[in-house]
Number of protein chains: 2
Amino acid sequence: MEYPDTKQQILNAAKSLFAQAGYRATSMRAITKRAGVNLAAINYHFGSKEALLEAVFERHIKPINEVRLRRLKVIKDEATRLNQKPEVSEILRAYIEPAVHLKETGKEGASFGMLVGRAFIDPDETVRKIFLRLTRPVSQLMLDLLGNALPELPKKVIFWRFHFVIGALSIAMSIYRNPKSKSAKIASEINTDSLTDLLIAFTQAGLEAPTKKNIPLLLDTI
Amino acid sequence: MEYPDTKQQILNAAKSLFAQAGYRATSMRAITKRAGVNLAAINYHFGSKEALLEAVFERHIKPINEVRLRRLKVIKDEATRLNQKPEVSEILRAYIEPAVHLKETGKEGASFGMLVGRAFIDPDETVRKIFLRLTRPVSQLMLDLLGNALPELPKKVIFWRFHFVIGALSIAMSIYRNPKSKSAKIASEINTDSLTDLLIAFTQAGLEAPTKKNIPLLLDTI
DNA sequence: GTCTATAGATTGATAGAC
DNA sequence: GTCTATCAATCTATAGAC
């Protein structure tokens, strides 16, 4: 008998298990058992457990970030062409929508979103390192565009507020995509479009909030 | 020779290592080595690795949540007494300030904030379970108070927006308290008061943001 | 209370037959 | 490419001397 898609089975199983229990807590035996393949198959096809994690991320995060980059560049070019500031809500939509809408292929549950949501803040250095490398170009462009859209804000305020956006998005994806969440009942009563709208409304208001009247609110310690 | 504070040494070492690498990736050997005590000391004093994690959380999170609860109850009573809505910014300050200000005792670096920041979203179920149990009363009261402060918002919108607040706070603490962060340069240029103000400004605007004009934005799927 | 020593289980990875 | 079998390292936890 042939096993044409052993790699695919491993990738899907690893994705689900990494998302549910985390990279560190997931053993290669658990992955291969779920994938219905032999234990040695991971090392044969990927080389190591870490290389498998990298393959899982590449496979799912790269497409998302390519869409984000493309949409953000369109916004940037359009703003340059019209010689006006880009809209914060459009920037956020280009950033948030591809992540939340994250389509799942195969019969596995919608679990990868959890992994993405957690990766930025994952305590495991291996996970963070790989994730940040894949996400850096998008983050750079986001900071650039938000700087253009909000020229009155100090760069450092934009830095922090952008990370608040990442935090909100991360936790939203963790809850929304986690089928076992205690909040699952509420989470199940919303669809991706509505969640996207909720996130954009919240983060847009936060990004555009006025800073404290009496500057300097920052750099008190310097 | 006496070792009167073996438990303390273990608690401090565990706190730092759990924060840096996560619960799962931290071995009992690493903890006892850093604490300068014998490997068997953890099981003698705490019973198990998981019980040690629980002790670390209890020791640091309980005081924070007690302060939060006390301050939130004051806000609630005051609003009831004056028969008016509580202020969103005051609610947020009572919730955020105790977490960000988190004082570190002992010579260990300010690392526990990282652990707190990550705990909510930690992929490891053991970590989340213990953390959520300790935090549930505060979360309940927050949802209650935010409901009073924002009566025009559907409960489900408040649910989601409160979790966005948690996400922003989590990531802020992870970055701020992580001495090895790539963003350490920027993070080091802000003090706790300024970070608190940044968080409140962002989350207050997000919580108070108008919902989409054309209801229903929610429950499209129900 | 602290130590050494080790049990007992699990891990990631590999060698070699097929 | 897939399998069995196993290695070597690591882990949590404990038994027992002091």
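In what follows, chains carry the letters A, B, and so on, assigned in the order in which the sequence lines appear, proteins first and then strands, with residues in each chain numbered from 1. As the structure is a prediction and not an experimental result, all values here were calculated from the model.
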Between B/Asp122 and A/Arg118, does any NZ, NE, NH1 or NH2 come within less than 4.0 Å of an OD or OE carboxylate oxygen? no
Quick one: is D/dT2 close enough that its OP1 or OP2 comes under 4.0 Å of any side-chain N or O from A/Thr6? yes
I'd like to compare against my own output: the B/S/- annotation of nucleotides 12-18 of chain C with a strict under-4.0 Å heavy-atom distance to protein. BBB----
Suppose we screen for side chain to side chain contact (heavy atoms under 4.5 Å, CB included). Which residues come up paired with A/Leu153, at least two apart in sequence or across chains? A/Leu150, A/Val157, A/Ile158, A/Arg161, A/Thr211
Over 60° means perpendicular and under 30° means parallel, so tell me whether A/Phe120 and A/His163 are parallel, tilted or perpendicular. tilted
Atom-to-atom span, CG of B/Leu52 to C1' of D/dC11 - whole angstrom: 15 Å
Do any N or O atoms from the side chain of A/Ser194 and from the backbone of A/Ile190 form a donor-acceptor pair under 3.5 angstrom? no
Gap between atoms NE2 and C1', on B/His45 and C/dC3 respectively (whole Å): 12 Å
A/Met142 vs A/Leu72 side-chain heavy atoms within contact, under 4.5 Å: yes
Donor-acceptor contact below 3.5 Å, side chain B/Lys7 vs main chain B/Ile42: no
Rounded to whole Å, please give me the gap between CD in A/Gln8 and P in D/dG1. 13 Å
